[in-house]
Amino acid sequence: MTTLFALCDCNNFYASCERVFKPALNGKPVVVLSNNDGCVIARSNEAKALGIQMGEPLFKIRNLVDNRHVHAFSSNYVLYGDMSDRVMQCLSRFTPNIEIYSIDECFLDLGDFYSKDLNAYAREIKETVHQWTGIPVSLGVAPTKALAKVANKLAKKSKKANGVLVLTTPYHIQKALEATNIEDVWGIGGQYANFLKKRNIHTAYDFTQLSENWVRQHMTVVGVRLLKELRGESCLELEEVAPPKKGICTSRSFGKKLNNFEEVQEATATYAAKCAKKLRKQKSCARLITVFVNTNWFSERDSQYHGSKTICLPVATNSDIELIHYANIALKAIYRDGYWYKKSGVMVTDIVPENQVQLDLLDTVDRGKHAKLMEVIDGLTDRFGRGKVSVATQGVDKAWLLRSDMKSPCYTTRLSEIQTVYVR
DNA sequence: TCTGGGGTCCTAGGACCC
DNA sequence: TCTGGGGTCCTAGGACCC
């Protein structure tokens, strides 16, 4: 059986989302910033043309932003998540077999469409998504996922392709591989790119000429899989159902540096509650919780400290109350006075399905009661918005909160004005 | 002054067991 | 003095992705 994949990738996704609701920004440079308005994480084509790099800190390009009238937005993940859902729903009308690969990318199984005019079909997909959601996308079509990635990159880059490139013949595939720099290949990061270039491997085509043994020796079985994929042998299947996560992490840099235990504790408790919520969403419980704290490692003045502590819970849980309790214990064990803290985080691992939790005979926690309470809290959160109901440790003043001074409204989701309630 | 956050997979090496 | 061999599990670290 011949395989055929399309990779649909939203162009400059976050920047495009902002533009959908502010069409006056079309044709103008737009950037979206990371949490705390720290660095650039999305750029419109006009912003790229100004030389603004991905990941560049805002303060380094302040002049450019001001002088060239670059429109900067704080990130608004609720908006982007909702726009992503709309794009994916639209795509699923074209084939039921899709894999949502990331917030802005989707693989489509086009195996049944080989006899169709693939160029016309891909273009129809592209135009429909744009019409329905306002988001511009590019499509690459090829016999393997890695080749679909190659096709997608070229579809974006080439004026002639204009957002759609179909690679089905050996001739076109070879031309595409020759036109793709090795560092632009999916699965080749900076380390491997340097390593390969030193050995005179500069394009994706050069890479396909290597021997399987050599690649295995230097790049593990992952490299071999990529080699086969680029040679047209499909090794990566469409994963329509996302497997449950094996680890869940919530961490943030604080809006300002902190040297006060209570404030770090509030932030950390909030991250623990976020982990609990993510666990409940995928109907899992976790048995290991890790808390870590960091000072600002960019600062040359402040003395540096990194602490982390993992605690094994007697019984796996997804309750806010329990995870906050153990997060507090872990934090107390690693917190040292006399440092300026910039970031903390909570990670939960050893994750099991909710209905397969091993119980402990000496367990003193009323799990039924916790589950009921969490159900109520989740219900309130869904109706009235995040942060309206919380465990008291999470704090009220929140001096540690992120900065996001340039955030767009949540155009697509409801906001609420209900009084905040605290559960003790 | 200001520098993101959240994941995956693979391998090597040590501990431990029979 | 001689000092096995194979298997599993765990962890740390390194690579990658968006």
Side-chain angles (χ1 to χ4, degrees), chain A residues 7-10 12-14 31-42 52-63 65 72-77 80-81 84 99-107 145-146 149 152-153 182-196 215-226 235-236 239 242-257 267 271 274-275 278-279 281-282 288 290 292 294-302 308 310 312 340 342-351 402-406:
Chain A
L7 174 65
C8 177
D9 187 326
C10 301
N12 315 325
F13 182 55
Y14 298 169
V31 297
V32 176
L33 305 168
S34 63
N35 283 327
N36 273 326
D37 297 336
C39 36
V40 172
I41 55 169
I52 297 174
Q53 298 300 310
M54 192 70 169
E56 210 165 1
L58 179 60
F59 73 91
K60 283 191 181 165
I61 51 164
R62 195 75 247 187
N63 282 338
V65 168
F73 290 89
S74 303
S75 35
N76 183 345
Y77 290 104
Y80 311 150
S84 173
E99 171 187 342
I100 298 171
Y101 178 69
S102 75
I103 194 163
D104 68 336
E105 283 179 56
C106 185
F107 284 105
K145 281 179 156 185
K149 276 269 189 186
N152 188 286
K153 267 242 155 85
I182 189 66
E183 65 266 27
D184 293 332
V185 173
W186 188 39
I188 304 289
Q191 300 296 316
Y192 282 142
N194 285 337
F195 172 81
L196 291 167
V215 172
R216 188 189 320 274
Q217 197 184 330
H218 294 99
M219 303 173 69
T220 79
V221 298
V222 181
V224 174
R225 205 154 52 207
L226 176 61
C235 306
L236 301 169
E239 285 180 36
K245 296 198 189 324
K246 297 170 180 171
I248 288 172
C249 178
T250 307
S251 76
R252 298 275 185 289
S253 297
F254 309 135
K256 57 176 191 179
K257 54 184 188 179
Y271 306 155
K274 273 201 203 308
C275 286
K278 292 179 192 172
L279 282 169
K281 193 171 174 202
Q282 69 165 27
L288 291 177
T290 304
F292 59 89
N294 285 325
T295 48
N296 180 6
W297 53 282
F298 286 107
S299 167
E300 289 170 8
R301 259 199 351 259
D302 301 339
S308 101
T310 301
C312 181
W340 285 101
K342 184 61 184 167
K343 180 176 184 175
S344 78
V346 175
M347 195 165 24
V348 290
T349 48
D350 197 355
I351 289 176
L402 308 173
R403 283 189 308 272
S404 63
D405 300 330
M406 296 160 271

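Below, chains carry the letters A, B, ... as their sequence lines are ordered, and counting in each starts from 1.
- A:Asn36 comes within 4.0 angstrom of nothing in the nucleic acid, heavy atoms only.
- When each of C:dC18, B:dG5, B:dG4 is scored by its nearest atom to the side-chain atoms of A:Ile41, the top-ranked nucleotide is B:dG4.
- Considering only the side chain of A:Tyr192, C:dC16 comes nearest among C:dC16, B:dC10, B:dG7.
- A:Arg225 has a side-chain polar atom (N or O) that falls below the 4.0 Å cut-off from OP1 or OP2 of B:dC10.
- Proximity of a side-chain donor or acceptor of A:Gln282 to a complementary backbone N or O of A:Lys245 within less than 3.5 Å is detected.
- Closest to the side chain of A:Asn296, from the set B:dC2, B:dG7, B:dT11, is B:dC2.
- We find that CD1 of A:Ile52 is positioned 18 Å from P of B:dT3, with the value rounded to whole Å.
- Ionic pairing of A:Glu239 and A:Lys145 is not present here: no N-O contact between side-chain nitrogen and carboxylate oxygen is shorter than 4.0 angstrom.
- When distances are taken from the side chain of A:Ile248 to each of C:dC18, B:dC10, B:dG7, the shortest belongs to B:dG7.
- Rounded to a whole Å, the CD1 atom of A:Ile188 is 13 Å from the P atom of C:dA15.
- Among the nucleotides C:dC18, C:dA15, B:dG4, the one closest to the side chain of A:Gln191 is C:dA15.
- The A:Val221 side chain lies nearest to B:dC10 when the options are B:dG4, B:dC10, C:dC18.
- A:Tyr77 places its OH atom 9 Å from the P atom of B:dG6, with the value rounded to the nearest Å.
- A:Lys245 has its NZ atom 11 Å from the P atom of B:dC9, to the nearest Å.
- A donor-acceptor pair under 3.5 Å links the side-chain atoms of A:Lys278 to the main chain of A:Cys249, judged by distance alone.
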Assess the residue pair A:Lys257 and A:Asp302 against the criterion (salt bridge (charged side-chain N to carboxylate O under 4.0 Å, His left out)); give the C-alpha distance rounded to whole Å, side-chain angles, the decisive distance to 0.1 Å, and a yes or no. CA-CA 11 Å; A:Lys257 54 184 188 179; A:Asp302 301 339; 3.1 Å; yes

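- Counting only distance, with no hydrogens or angles, the side chain of A:Thr220 and the backbone of A:Val222 share a donor-acceptor pair below 3.5 Å.
- Using a 4.0 Å heavy-atom distance criterion, A:Lys256 is classed as making no nucleic acid contact.
- Distances shown here put every side-chain N or O of A:Lys145 at or beyond 4.0 Å from the OP1 or OP2 atom of C:dC17.
- Summarising the geometry, the separation between CG on A:Leu236 and P on C:dC17 is reported as 13 Å, rounded to the nearest angstrom.
- Pair assignment for B:dC18 gives C:dG5, based on Watson-Crick or G-U wobble hydrogen-bonding distances that are each under 3.5 Å.
- For A:Lys149 and C:dC17, the shortest distance from a side-chain N or O to OP1 or OP2 is not below 4.0 Å.
- Counting non-hydrogen atoms under 4.0 angstrom, A:Val185 reaches the backbone sugars and phosphates but no base.
- For A:Ser102, whose side chain is taken as the heavy atoms from C-beta onward, the closest listed nucleotide among B:dC10, B:dG6, C:dC18 is C:dC18.
- Between the CZ atom of A:Phe59 and the P atom of B:dG4 there is a distance of 10 Å, given to the nearest Å.
- For B:dG6, one of the phosphate oxygens OP1 or OP2 lies less than 4.0 angstrom from a side-chain nitrogen or oxygen of A:Ser251.
- In the set B:dC9, B:dG4, B:dG7, B:dC9 carries the atom at the smallest distance from any side-chain atom of A:Lys246.
- Relative to the side chain of A:Asn35, the nucleotides C:dC16, B:dT8, B:dG4 differ in distance, and B:dG4 lies closest.
- Between the CG atom of A:Leu288 and the C1' atom of C:dC10 there is a distance of 12 Å, given to the nearest Å.
- Residue contacts for A:Gly55: at a heavy-atom cut-off of 4.0 Å it reaches no nucleic acid atom on any strand shown.
- Ring pair A:Tyr14/A:Tyr77 is perpendicular by interplanar angle, where above 60° counts as perpendicular and below 30° as parallel.
- In this structure, of B:dC10, B:dT3, C:dC18, it is B:dT3 that holds the atom nearest to the side chain of A:Cys39.
- Residue A:Ser75 has no polar side-chain atom (N or O) positioned under 4.0 Å from OP1 or OP2 of B:dG4.
- Going from atom CD1 of A:Ile61 over to atom P of B:dT1 covers 18 Å, rounded to whole Å.
- Between B:dC17 and C:dG4, the distance separating the two C1' atoms is 14 Å to the nearest Å.
- Between A:His218 and A:Phe195, the ring planes lie tilted relative to each other; the angle falls in the 30° to 60° range.
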